[in-house]
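Here is the structure we will look at, set down as structure tokens.
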Amino acid sequence: MVAKEKQDLLSALPGVDEVLAWEGVSPLLAQYPRSLVLAGIRLGIDRLRQQILAAPGKVDRVGVDTFPVAIEGTLREYLLQAVTPSLRPVINATGVVLHTNLGRAVLAPAAREQLGQLSRGYCNLELDLETGERGSRYSHVEELLTRITGAQAALVVNNNAAAVLLSLNTLAAGREVLVSRGQLVEIGGSFRIPEVMAWSGCRLVEVGATNKTHLKDYERALGPETALLLKVHTSNYSIMGFTATVAADQLVELGKRRGIPVMEDLGSGVLLDLTPYGLPAEPTVQASVAAGLDVITFSGDKLLGGPQAGIIVGKEAYIGAMKKNPLNRALRIDKTTLAALEATLRLYLSPEDVVGQVPVLEMLTVPAKVLEERAQALARKIGERLGGRVTARVVRDYSQVGGGAMPTAQLPTSVVALESSTISAASLTARLRRGRPAVLARVAAGRVLLDPRTIQEGEEKELWQALERALLGEGN
Ligand SMILES: *Cc1c(COP(=O)(O)O)cnc(C)c1O
């Protein structure tokens, strides 16, 4: 039984046409599609109905006089949501450089520019402008990749998972692939070596033990059905203690001796030795090529710092077969990705300058002193503007590489630690996340941490403005 008071309120709810005629609502039709306005009005009326029905006894704070404000509020919020792109910029203050949920690599200015240029009109994606004949989309990056890595041939696909799938399918479908038990990795999401293997139509043969695999384990498992030896870079974890893996050159030697190709899934695909900057040693693509591997796969948007792509480099015969595999058509890269990838790769032609040109490399190598100065400047600004509401202190901390790359790397940084007496760290981060622009921060020991390492140039002002709104409780 709905109480009389509720009944009265429910029957007083306006109809859609009535709301549409309201002074505050009708002008919205000039700004927004009619269908959206109608949907927003229905939502507004429906929310009120639910609110009335859900009230336990007496209906507080809802009356016929509050209807317009409530319905119009819902409507405006709905319209704003509906016309704001779902995919939008986010300020990354987490300090995780390759944040998979935030789109991994930030593109280089050169790549952004090339993307803009190319998306304005047509391009020579598959046309050889010299001869007028049909060209190959891969030609735009193949030479760059072979020059940079030293490999004979190259191919690019949608992402590294696709690169692994295509390579396995081309080289070993219906036959056996040997993999060390310690390398059956899972990469965030749903990429798992055993599953990719199954989808590519190969039979996985595990060799060795989880912590130790020896060359003789491969030798013993090798048989007439063996089509490929696969080495997987354990990019996102490390095993310590009593361990042994077989080095690439040993596997290559075995493969040569038995006439079987050897492939390596490198994952991150760094093209530059970053140890001079204090980062952990990560196998470079060039080193794998030099070790004689037949096929090497890696991501475009991890340590390389480009768009999402899967890059395959290696021996001509194998890459050629992959290009002809019908599966390649389903995994192929599109022109916008190619444009950004080509521009990013070009930067690697000058290895001495590339760190300053590719944001991922720049963020990973920025000196701790510079980060401290940035944190100080941000804390000062927050103190000036919002001192009454929050305390901002600079403290030492560590950033992460992210993206499943260099899992053990501890990158020293200085963060701005925020504490407020009026709002909890969890609520403040939630408000920051829901704000416009959204700001992603870390929480540790009851404080909100803002790491300048991943805050892009020119984002500071937007950040403290967003913080101001979050502290005032707007947009929560
Ligand atoms: C990241 C990674 C993948 C998957 O690469 P995507 O580009 O994300 O598809 C595969 N293998 C290894 C070893 C990786 O590190």
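Read the numbers this way: they start at 1 and go in the same order the structure lists the ligands and their atoms. One is the number of the first residue; the rest follow in order along the sequence.
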**Study point:** Ion pair check, Glu142 and Lys323, cut-off under 4.0 Å
**Key:** yes
**Study point:** Ala161 neighbourhood, listing ligand 1 atoms whose heavy-atom distance to it stays under 4.0 Å
**Key:** 5 (O), 6 (P), 9 (O)
Exercise for review: Check each of Gly269, Ser268, Ser299, Gly310 against atom 6 (P) of ligand 1 and report the one with the nearest heavy atom.
Suggested key: Ser299
**Study point:** Carboxylate-amine/guanidinium contact Glu219 Arg258, below 4.0 Å
**Key:** no
Check your understanding: Which residue holds the protein heavy atom closest to atom 5 (O) of ligand 1, what is that atom called, and what is the gap in Å?
Key -> Asn160 CB, 3.0 Å
Review point. Just heavy atoms, cut-off under 4.0 Å: does Lys302 contact ligand 1 by side chain, backbone, both, or neither?
Key: side chain
Review point. Would Arg442 and Asp397 pass as an ion pair if we require N to O under 4.0 Å?
Key: yes
Check your understanding: Can you tell me if His140 uses its side chain to pair, donor with acceptor, with the backbone of Asn124 under 3.5 Å?
Key -> yes
Review point. Is the shortest distance from a Lys or Arg side-chain nitrogen in Glu460 or Lys381 to a carboxylate oxygen in the other one below 4.0 Å?
Key: no
Point to revise | Residue-ligand contact Arg104/ligand 1, heavy atom below 4.0 Å | key: yes
Review point. Which atoms of ligand 1 are found less than 4.0 Å from any heavy atom of Phe191?
Key: 10 (C), 11 (N)
Review point. Ligand 1 versus Gln183, non-hydrogen atoms closer than 4.0 Å: side chain, backbone, both, neither?
Key: neither
**Study point:** For atom 15 (O) of ligand 1, the protein heavy atom that lies nearest, with its residue and separation
**Key:** Ser235 OG, 2.5 Å
Revision key, fill the gap. Ranked by distance from atom 11 (N) of ligand 1, the top protein heavy atom is Asp265 OD2, 2.6 Å
Practice item. Below 4.0 angstrom from a heavy atom of His233, which ligand 1 atoms are there? Numbered from 1 as shown, please. Key: 13 (C)
Review point. Is the backbone of Leu118 close enough, under 3.5 Å, to the side chain of Lys335 for a donor and an acceptor to pair up by distance?
Key: no
Review point. How far apart are the closest heavy atoms of Lys231 and Ala248, and which atoms are they?
Key: CE-N, 4.1 Å
